[in-house]
Each structure stands twice: as C-alpha cells, then as structure tokens.
Amino acid sequence: MKKKVLALALAITTAMSLAGCGGNSGSTASTTAAAASAETTAAAPSNSGAETIKIICPYGVGGTADVIARKYALVAGKTHPEYNFIVENMTGGDGFAAANYYTDQDASTREILVYGYGVAYRHDLGKKYNTEVVDFDRADIYPVATVDDRTWIMYTTSAQTLESILAKAKEGGIKMSGGNPLSDPHLALGSLIAQEGGKVMVVPYDGGAAQKKGLTDGEVDVFVGTTQAALEDVEAGTMIPILAFSESAFEGFKGPNGDIPVPGIAGDAKAPELDASKDYTGSILAAGGFVAARTGADQAWIDEIVQISKDVWADAEYSDWISEIMLNKCEIYGEDAVKHLESACEKAVAAFDTLSGQ
C-alpha cells in the first residue's frame, strides 16, 4: 500500500509540473497564508453603525464559491442589518491557504470561513496517505451551515462523446481540468474511470475560466465542474454536458438545439455507455460547502450564524437564485452539518482507494 501511495504522490507531482501550476493550483509551498493573495470587496451596502463581519472565501473572484459567498453576504446583510458582511478572497493551495489562515485564528474570531468539502477531503487524504503536506487540522474548523450543494457535471466538446472518452481512458488515459489532483472532481471522475479500467490525469489551471479554456483549446479531454460555471458555454454550444455524478438524470441545460438532459451514473437514468453490472455510486461525492466558524467559538455566535443562514435560505433572493444557476437546495445545520461532513469524508477516502487501486 505504501508503494502505491508514493507512486500516486509522484504522479500528482508530475501532473502539476506538466501543467506549470500557479495561483490556486500551486504546489504545497503555496498553501501557506503568507503566500495567499487577498482581495477584499464590500458585498452589500453598508449598514450604518453595524458590526462588520468578514467572510473568507478561499477561491478567486468570479468562481462558483465566490459568487455564492457574495450572494450570501448580500442577503445576510439585508435580513440582518445589524451586520455588514464583506467577502475577502484568500487564494492559494486550492483552499489550503485560507484553511491555514483560519485555523491560526483565536476561537473568539468573528470571521466566517467558506469551507468546501474538497478541502476536508484533501486534508484527510494528506493526513492518512501523505498525498500532500497539510499544515492545518480540520478539527479546528466547525461547519455551521450548508450554503452550496452542487452536482458535478462532466463536459466535453462536440467532437467527443461519452463513449469516445471512456474508450480513450482505457486505451491510454484522458486529461481533465477541474480542481487540482485529488480535488473532489478528480476523486469523482478518477474513481469512476478506475472501475472502467482507465486512467485520468489532472491538468491544474488557475480558476474556472482557465479550466474551461483548457477544454475548448483541446489541452484536456474533459472539464468536471459546476452547472453555474458552464451555463453560458452550454447555451453557446462550445461545451457539451455528457455525464452527471448523480443517481438521476440532470435536467435544465439548454443548448443551441434545445434541452440537453444529462444521464447520471446510477439508477434508471444511468448512462448506457457505462457497465450496467457495476455500481458507480461511490463516485457520487458531496460537493460544495458550508459557512464555518472556528471550533471553540462561543455557542451564542454559532447559533447566530445558524439563524442568519436559515434566514438567507428563506429569502427568495438567495434560494431562487440557487435554483437559477442549477445548484441544489440543501439545508443542514450545526451538529448535523458536522456529521454530514464526516460521512462525506469517509466516502471520499473510499473513492481515493478505488482511484489508486488500493
């Protein structure tokens, strides 16, 4: 097992060096808070005399996590005018820089962290298998409320199909964009392709726009990302959604010729190109994330974040917008959120075991 882990770590390093990584997709050296870049922007009109609350977003401006953080801040400020919410983008290490920064804060901090499943997954893999250097302890981060639940979609170009992608994966391997090696999109696709007897290499890019351009420029075979990230590209016909990592078909996409239903990887809507005898549900990983507090925070503050989040979800400006960008409505709070994340991490580790052949 140790040899396999070391081999995988070497493959990850090779993939990253081939891609010329930078920014969000840097090596572990870029995961320190000191190496992070930050851009602070007012997310809502200032409420005079209100307390300012900073929301730390680990990803760059314009990505799905960022636009969700800004919409949350806007609606939270409207429903709770006793606070001014601002969003600070703290990029680096595909989420690790912000996690390092946040866990260095005292438990009394009033800052809120946008906390993604993928950061927790990579933390556990790094600690268990030494896949990368992890300088923080996720036990110091307390997930308070879900604000982002997404279905991963695999996109390609009109020149390719799911059948041709699967064949290429078996013949010599495919290249994907969408996060870094061992990101949750990679765990999802990599574990599925492993069951098909194929291989996937991740080519990391700095941000979603570059990840999509990697596909349309022919540098990668597929892009695995959110619905929000690709809506305009699908409508224009430059990207085609071909597989949803879900137990049902994904509906809502429209291309130049009308509706595009996307088959899932299980259930009645399972893509016919997949082996009907195999169970791929292990590749359906929780994706998106939470707003989080520092573990040890005063319970009254945690309860306040819970109430703010419930009020945000109850406001049509947020919940209807989530539906418009085809993300999923999912409300989980407090200790239930903690248990939900633990279960998701266990499934992610199992997906890694499948991906790496352990």
Side-chain angles (χ1 to χ4, degrees), residues 40 42-59 65-88 90 95 98-120 123 136-150 286-322 327-345:
T40 304
S46 177
N47 297 321
S48 179
E51 178 185 357
T52 296
I53 304 295
K54 187 185 295 184
I55 299 176
I56 305 296
C57 178
Y59 305 100
D66 173 68
V67 296
I68 287 173
R70 292 175 189 278
K71 180 64 77 171
Y72 177 94
L74 180 69
V75 178
K78 183 182 75 173
T79 57
H80 287 263
E82 65 271 27
Y83 300 112
N84 282 322
F85 293 91
I86 63 171
V87 175
E88 177 175 310
M90 185 174 292
N100 287 336
Y101 164 82
Y102 197 68
T103 54
D104 282 342
Q105 304 308 300
D106 187 84
S108 64
T109 182
R110 303 276 280 186
E111 294 181 354
I112 297 172
L113 177 69
V114 175
Y115 184 36
Y117 290 96
V119 172
H123 169 281
F136 68 96
D137 186 346
R138 75 173 178 87
D140 292 331
I141 303 173
Y142 183 85
V144 177
T146 51
V147 293
D148 173 11
D149 188 89
R150 56 183 74 176
F290 311 80
V291 286
R294 183 70 167 78
T295 299
D298 185 79
Q299 187 60 46
W301 176 235
I302 292 175
D303 293 342
E304 181 75 352
I305 300 174
V306 167
Q307 188 58 56
I308 291 169
S309 300
K310 288 181 177 180
D311 292 340
V312 167
W313 272 113
D315 194 303
E317 184 174 357
Y318 189 81
S319 56
D320 288 356
W321 174 77
I322 287 289
L327 299 182
N328 310 313
K329 184 174 182 179
C330 178
E331 294 186 65
I332 308 175
Y333 301 100
E335 285 301 309
D336 289 337
V338 174
K339 294 175 183 177
H340 179 67
L341 179 59
E342 293 304 320
S343 176
C345 285

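Just so you know, these numbers come straight off a predicted model, no measurement behind them.
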Donor-acceptor pairs under 3.5 angstrom involving side-chain atoms of residues 296-303: please list them, not counting sequence neighbours.
| unit_1 | atom_1 | unit_2 | atom_2 | d |
| --- | --- | --- | --- | --- |
| D298 | OD2 | A300 | N | 3.0 |
| Q299 | NE2 | D303 | OD1 | 2.8 |

Checklist line | Residues that H340 engages under side-chain hydrogen bond (donor to acceptor under 3.5 Å, both in side chains), provided they are two or more places apart | finding: Y117

Next item on the list: Return the set of residues passing side-chain hydrogen bond (donor to acceptor under 3.5 Å, both in side chains) with R294 (not counting sequence neighbours), or none when no residue passes.
Entry: none

Which heavy-atom pair separates [X] from [Y] by the least distance, and what is that distance?
| X | Y | value |
| --- | --- | --- |
| A337 | I332 | N-CG2, 3.4 Å |
| Y59 | A65 | CD1-CB, 3.7 Å |
| A292 | P143 | CB-CA, 4.0 Å |
| A120 | L341 | CB-CD1, 3.9 Å |
| S309 | Y72 | OG-OH, 2.8 Å |
| I56 | A98 | CG2-CB, 4.0 Å |

Taking the side chain as every heavy atom from C-beta outward, state whether [X] and [Y] have any pair of such atoms under 4.5 Å apart.
| X | Y | answer |
| --- | --- | --- |
| I308 | Y83 | yes |
| W313 | I322 | yes |
| E304 | E82 | yes |
| H123 | D137 | yes |
| P58 | V119 | no |
| N100 | F136 | yes |
| L327 | D148 | yes |
| F290 | V338 | no |

Check: Which residue, L74, V75, I68, forms the side-chain contact (heavy atoms from CB on, under 4.5 Å) with W321?
Finding: I68

Could you tell me the separation between the [atom1] atom of [X] and the [atom2] atom of [Y], rounded to the nearest 0.5 Å?
| X | Y | atom1 | atom2 | answer |
| --- | --- | --- | --- | --- |
| K329 | T146 | NZ | OG1 | 10.5 Å |
| R110 | I305 | CZ | CD1 | 8.0 Å |
| E335 | Y142 | CD | OH | 3.5 Å |
| E342 | R138 | CD | CZ | 4.0 Å |
| L113 | I141 | CG | CD1 | 5.5 Å |
| I112 | K54 | CD1 | NZ | 12.5 Å |

Checklist line | side-chain contact (heavy atoms from CB on, under 4.5 Å) against T52, all qualifying residues, sequence neighbours excluded | finding: N84, I86

Item checked: Full working for side-chain contact (heavy atoms from CB on, under 4.5 Å) between V312 and V147 -> CA-CA 9 Å; V312 167; V147 293; over 6 Å; no

Item checked: Residues which pass salt bridge (Lys or Arg N to Asp or Glu O under 4.0 Å) with K339, listed by chain and number, not counting sequence neighbours -> none

Check: Is there a donor-acceptor contact under 3.5 Å linking the side chains of Y101 and E111?
Finding: yes

Next item on the list: Using the salt bridge (charged side-chain N to carboxylate O under 4.0 Å, His left out) rule, collect all pairs that involve residues 309-320, keeping only residues at least two apart or in two chains.
Entry: K78-D315, K78-E317

